[in-house]
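Reading through the structure tokens given below for one structure.
Residue numbering restarts at 1 for every chain, and letters A, B, ... go by the order of the sequence lines.
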There are 2 protein chains.
Amino acid sequence: MTARRAQRPVVRIRDVAQDAGVSPQTVSNVLNDQGRFTEETRARVLASVERTGYRPNRAARQLRTRRSRLIGLHLPAAQLSVSNTFSIAFVREVIEAVRRVDHQLVVLTTPVDSPDLDAELLAPGVDGYVLFNVGLDDPRPRVLVDAGVPYALFGRALDPDIQGWIDIDNAAAMTPLVDHLVERGYRTFGYVTYDDDAYWTQERWEGATARLAHHGLAIDPRWLLRGTEAEIRENVAPVLLGPDRPEAIICESDALAEIVHVMATRQGLLPGRDVAITGFDAVPMRFELEPSLTSVAIPVREVADAVVRQVLDEVDGAAAPTAGTFLPTRLAVGGST
Amino acid sequence: MTARRAQRPVVRIRDVAQDAGVSPQTVSNVLNDQGRFTEETRARVLASVERTGYRPNRAARQLRTRRSRLIGLHLPAAQLSVSNTFSIAFVREVIEAVRRVDHQLVVLTTPVDSPDLDAELLAPGVDGYVLFNVGLDDPRPRVLVDAGVPYALFGRALDPDIQGWIDIDNAAAMTPLVDHLVERGYRTFGYVTYDDDAYWTQERWEGATARLAHHGLAIDPRWLLRGTEAEIRENVAPVLLGPDRPEAIICESDALAEIVHVMATRQGLLPGRDVAITGFDAVPMRFELEPSLTSVAIPVREVADAVVRQVLDEVDGAAAPTAGTFLPTRLAVGGST
DNA sequence: CTGAAAGCGCTTACAG
DNA sequence: CTGAAAGCGCTTACAG
């Protein structure tokens with residue numbers, strides 16, 4: 001226990017000042033790069049910081065500057081599961097993005113429909129929030145707007161007050177995907193999608209069908225498969241992988257495409273040769289599929305960086321120059337088409 | 001932007017005091033449940049808190065009490081991936097456990113082998129740390145011990161200074177599993193394991209073989225498969241699922257058991273009828289296996305609660321009553337045996 | 001049971 | 001370029 005209770009004496013800024021023979025104020029200036037000191041002073045101060053092992057007290061700094069250097073990430077527990085491939089990739093990038101701007105990430109997990117959502121979101125005193133998986137009528141941005149807490153979100157909102165969003169253009173993203181399929185010679189199409197009311201579900205469907213129409217093509221209604229993952233898992237073989245099947249199957253997400261891919265393989269069909277399969281997201285999966293999946297890559301890292309930067313701009317009161325920003329997607333061609 | 005910049009005036013404790021007609025001190029006492037007030041005062045104060053929308057300034061409280069109410073979770077980025085089924089389940093439970101004790105969770109992702117590990121771990125000013133995936137010679141506990149920062153860990157360490165660990169007894173956990181297999185009549189065994197030097201890898205192997213020996217049984221060396229997930233994926237069929245195969249395959253983890261299960265199914269073998277398969281961890285997977293996997297359940301929630309409680313006890317200076325604690329595992333019998 | 005004073009460790013004006 | 005003073009908003013002794 002001895003080592004455990006080390007309790008080494010706390011070094012304060014005035015100890016460093018004393019050691020360096022300057023005032024606390026000067027130490028503060030050096031540490032916060034405020035200018036107003038000679039290079040020689042700077043060196044002396046830094047040497048003293050090193051020697052004394054000084055580490056600024058965050059609470060004191062926070063009290064004075066009114067900045068916690070904490071960014072909140074709202075991550076309802078349900079989204080932190082191995083089934084949420086995209087969420088996990090996104091969370092990881094947000095953590096890294098926050099680290100790059102020298103802040104700390106605080107994770108909140110209150111369910112979106114909790115009656116305490118407001119209180120819990122406001123309690124931790126973070127400088128701002130990152131939200132994602134935000135639907136058009138999500139209650140969270142409103143809570144933060146009303147409380148005057150800065151935030152940025154990956155997604156979009158209906159309310160024009162809700163600004164500072166970062167998103168991808170789901171419909172537009174389907175254009176190069178469909179063009180690619182048409183170019184490869186595929187002419188009959190199936191579509192696999194979640195049966196939810198998310199706007200991205202809607203937009204991907206509309207983007208795909210519109211672009212197919214542009215080519216004079218369409219998705220045959222009998223090859224449209226909607227449902228939960230479990231339902232799709234069950235129905236994909238009979239509906240889409242029998243002898244009378246489409247040449248290509250467009251899936252709303254990689255998670256769904258993975259199911260189709262696995263089931264196709266199990267039926268003895270080789271994706272890319274016997275049937276084309278496409279996904280959407282292009283994030284790492286539990287096992288890489290073979291042949292690899294053609295998909296639409298969401299620039300997760302860029303989104304995370306943009307969202308975090310947006311929060312900080314808002315915190316700093318830098319005029320938010322945009323209501324929202326679309327980031328470009330990229331077609332990732334694999335062996336499955 | 002108007003709504004966005006709401007900037008409502010900050011309510012301080014003295015505003016509440018004024019509203020309630022008491023001193024700031026009394027408001028503080030009520031809010032922190034320090035006794036020393038009448039029930040009537042209490043009600044008046046709480047009403048004023050409600051009316052004014054007061055929310056304590058965390059920085060000020062932290063500066064005064066020297067508690068941030070922040071608990072750090074060190075989660076190197078590599079562990080936050082869909083392949084790390086167990087890590088994801090554990091992180092989720094830690095977040096919830098921290099929330100239950102009314103603290104906030106800060107996530108740090110510095111790689112374990114980073115030269116800045118010390119500095120980054122100490123920078124955020126958390127009250128204490130939760131560590132997991134800790135190996136016997138892990139550098140992290142030492143860093144925290146030396147800095148006098150409280151922590152608790154899921155895992156174990158060699159250094160006797162490193163106390164406050166919570167773990168399961170991997171070897172003991174294998175006893176009921178092996179007994180179950182023997183009881184079901186299985187007499188020939190294969191074993192699938194990672195090729196790493198983690199102590200749990202070692203302990204599970206020893207636990208299984210020792211208990212088999214107790215029954216006068218053993219794992220045939222030609223049915224021992226060691227390697228990375230990719231290697232196991234490739235070799236499991238030829239080594240363990242051919243005509244000359246063991247009756248039962250014990251796997252070090254659910255992740256490996258999943259591979260074996262999928263491959264067995266692909267070979268036309270029905271787990272539980274044609275070959276028995278067991279895992280270890282019993283956390284949710286991307287897709288539930290069918291038949292379900294017999295496995296050893298790690299009490300993830302209990303572990304998370306215990307680790308968080310241990311950190312707080314340490315923070316509060318409550319004597320750490322134990323060097324370490326083993327939590328019990330439970331055999332979860334599924335259809336795969 | 002309640003109040004006035006002091007102080008946690010910084011940084012932000014303000015003087016020199 | 002550097003220093004002495006004030007104050008951020010709480011809570012912790014200390015008096016009454």
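Base pairing in DNA chain C yields stems of at least 3 consecutive Watson-Crick or G-U pairs, both distances under 3.5 Å, namely C:1-3 with D:14-16, C:5-12 with D:5-12, C:14-16 with D:1-3.
Nearest-nucleotide positions on DNA chain C for B:Leu63 and B:Gln25 put B:Gln25 closer to the 5' end. Each of B:Asn29 and A:Ala60 lies near DNA chain D, and the nucleotide nearest A:Ala60 is the one positioned closer to the 5' end.
A:Asn32 comes within contact range of the sugar-phosphate backbone alone, with a heavy-atom separation under 4.0 Å but no base atom that close. Here A:Ser23 lies in heavy-atom contact (under 4.0 Å) with a base.
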Run the side-chain donor-acceptor check on residues 42-50 of chain B: report pairs under 3.5 Å with partners two or more places apart or on a different chain.
residue: B:Arg42; atom: NE; partner: B:Glu39; partner atom: OE2; Å: 3.3
residue: B:Arg44; atom: NE; partner: B:Ala20; partner atom: O; Å: 2.9
residue: B:Arg44; atom: NH1; partner: B:Glu40; partner atom: OE2; Å: 2.8
residue: B:Arg44; atom: NH2; partner: B:Ala20; partner atom: O; Å: 3.3
residue: B:Ser48; atom: OG; partner: B:Asp19; partner atom: OD2; Å: 2.7
residue: B:Ser48; atom: OG; partner: B:Ala20; partner atom: N; Å: 3.4
residue: B:Ser48; atom: OG; partner: B:Arg44; partner atom: O; Å: 3.2
residue: B:Ser48; atom: OG; partner: B:Arg51; partner atom: NH2; Å: 3.4

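For residues 89-126 of chain B, every residue pair satisfying the ring-ring contact (aromatic ring centres under 6.0 Å, His included) rule, not counting sequence neighbours, is listed here: B:Phe90-B:Phe132, B:Phe90-B:Phe154.
Under the side-chain contact (heavy atoms from CB on, under 4.5 Å) criterion, B:Glu302 pairs with B:Pro299, B:Leu327, sequence neighbours left out. Remark: B:Arg99 pairs with A:Glu120, B:Glu96 by the salt bridge (charged side-chain N to carboxylate O under 4.0 Å, His left out) rule, at least two apart or across chains.
When DNA chain D is scanned in the 5' to 3' direction for atoms under 4.0 Å from non-hydrogen atoms of chain B, the outermost contacting nucleotides are D:dG9 to D:dA13.
In this structure, the separation between CZ on B:Arg55 and OG1 on B:Thr52 is 10.0 Å, given to the nearest 0.5 Å.
Across B:Leu153 and B:Arg156, no two heavy atoms sit closer than the pair CD1-N, 3.8 Å.
B:Tyr129 pairs with exactly one of B:Val106, B:Leu73, B:Ile71, B:Leu108 by the side chain to side chain contact (heavy atoms under 4.5 Å, CB included) rule, that one being B:Leu108.
With salt bridges taken as basic N to acidic carboxylate O contacts below 4.0 Å, none links A:Arg309 and A:Asp313.
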